[in-house]
Amino acid sequence: FDSIARLMCSLDGVLPRKELHENWEVATRINTCFPHATQIADLAGGNALLGWMLLLLNPSASILCVDKVKPPSACLMTDAFLKQYPALRARHRYVEGDLIDLRPLPLALLVSLHGCGRLTDVVIEL
């Protein structure tokens, strides 16, 4: 957690403190409950922080982050994570698109920290 927190602080103002702790709590719970997940889709992933954290917690996982629009903060975080952890490049993808069009693999673990309102129903239906 410390190295991720330092990395996020270096981005100065890109991430509210509460989101750092919120994402870490969710990532550690996901990793505890599903330690052998190798294909994870972070739906409505926004800045993709949850996916980056899951990659660091699970060395065998690959992450697909999906959201309608990739925010500028996601690009800043990607640059920062890949500078500090270049080996993660091959295990992380970000796709802009509608979740309705997603066809997850049968064994993929679907996660969504910020899938609120109607998005919750869409994720459950997947």
Side-chain angles (χ1 to χ4, degrees):
F1 177 78
D2 291 346
S3 65
I4 296 170
R6 282 192 295 277
L7 184 62
M8 292 300 97
C9 288
S10 75
L11 297 178
D12 195 31
V14 170
L15 184 75
R17 182 183 306 170
K18 110 177 173 48
E19 282 195 37
L20 174 66
H21 295 284
E22 178 182 71
N23 277 272
W24 182 251
E25 182 65 24
V26 171
T28 57
R29 286 177 186 252
I30 289 169
N31 191 60
T32 299
C33 292
F34 304 98
H36 304 295
T38 57
Q39 298 170 337
I40 304 172
D42 179 9
L43 308 178
N47 59 31
L49 180 57
L50 178 60
W52 289 113
M53 289 178 167
L54 288 168
L55 285 181
L56 291 171
L57 290 169
N58 182 344
S60 62
S62 293
I63 298 288
L64 171 65
C65 184
V66 181
D67 210 327
K68 272 193 171 187
V69 177
K70 185 176 184 178
S73 60
C75 297
L76 294 170
M77 285 188 194
T78 295
D79 291 345
F81 272 98
L82 292 179
K83 183 176 181 184
Q84 183 144 346
Y85 307 101
L88 298 182
R89 179 178 304 278
R91 298 173 42 217
H92 188 279
R93 275 187 41 216
Y94 197 114
V95 174
E96 289 182 298
D98 197 321
L99 294 181
I100 298 282
D101 299 328
L102 184 67
R103 299 294 171 255
L105 296 171
L107 295 177
L109 176 62
L110 307 180
V111 300
S112 184
L113 176 56
H114 296 290
C116 303
R118 174 73 183 120
L119 281 176
T120 301
D121 296 333
V122 170
V123 171
I124 290 170
E125 290 169 8
L126 289 172

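Side chains included, hydrogens not; waters and symmetry mates left out as well; all remaining heavy atoms used.
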Practice problem: Check the angle between the aromatic planes of His92 and Trp52 and answer parallel, tilted or perpendicular using the 30° and 60° thresholds. | Solution: parallel
Self-check item: Pairwise distance CD1(Ile63) to CE(Met53) - rounded to 0.5 angstrom
Solution: 12.0 Å
Exercise. Would you sort out whether Asp42 and Tyr94 count as a side-chain contact (heavy atoms from CB on, under 4.5 Å), showing the intermediate values?
Key: CA-CA 9 Å; Asp42 179 9; Tyr94 197 114; over 6 Å; no
Practice problem: Might you point out which heavy atoms bring Ile40 and Ala61 nearest each other, and give the distance in Å? | Solution: CD1-CB, 4.0 Å
Quiz item: Do you know the tightest heavy-atom contact between Ala44 and Asp67?
Solution: C-OD2, 3.3 Å
Quiz prompt | Spacing of OG belonging to Ser10 relative to CD belonging to Gln84, to within rounding of 0.5 Å | solution = 7.5 Å
Quiz prompt | side-chain hydrogen bond (donor to acceptor under 3.5 Å, both in side chains) partners of Ser3, counting only residues at least two apart | solution = Tyr85
Quiz item: Can you list the steps and then say if Asn47 with Leu76 is a side-chain contact (heavy atoms from CB on, under 4.5 Å)?
Solution: CA-CA 9 Å; Asn47 59 31; Leu76 294 170; over 6 Å; no
Exercise. Taking all non-hydrogen atoms of both residues into account, name the closest pair between Arg91 and Leu55 and its distance.
Key: NH2-O, 3.0 Å
Quiz prompt | Nearest heavy-atom neighbours spanning Leu56 and Leu88 | solution = CD2-CD1, 3.8 Å
Self-check item: Stepwise side-chain contact (heavy atoms from CB on, under 4.5 Å) test for Ile4 and Asn23
Solution: CA-CA 11 Å; Ile4 296 170; Asn23 277 272; over 6 Å; no
Quiz item: Rounded to the nearest 0.5 Å, what separation is found between the CG atom of Leu107 and the CD atom of Gln39?
Solution: 7.0 Å
Exercise. Start with the C-alpha gap between Met8 and Met77, add the side-chain angles, then the distance that decides, and say whether side-chain contact (heavy atoms from CB on, under 4.5 Å) holds.
Key: CA-CA 8 Å; Met8 292 300 97; Met77 285 188 194; 3.9 Å; yes
Exercise. Would you give the length of the straight line joining atom CG of Leu54 to atom CZ of Phe34, rounded to the nearest 0.5 angstrom?
Key: 11.0 Å
Quiz prompt | Value rounded to 0.5 Å, distance of CD in Glu25 from CZ in Phe1 | solution = 10.0 Å
Quiz item: Would a 4.5 Å heavy-atom cut-off, applied to side chains only, mark His36 and Leu109 as touching?
Solution: no
Quiz prompt | Set of side-chain hydrogen bond (donor to acceptor under 3.5 Å, both in side chains) partners for Arg93, sequence neighbours left out | solution = none
Exercise. Keeping the roles fixed (side chain from Ser112, backbone from Leu43), state whether a donor-acceptor pair exists under 3.5 Å.
Key: yes
Exercise. Indicate the atoms forming the closest heavy-atom contact of Pro35 with Asn58, along with that distance.
Key: O-ND2, 3.5 Å
Quiz item: Which heavy atom in Leu49 sits nearest to a heavy atom in Glu19, and how many Å separate them?
Solution: CD2-O, 4.3 Å
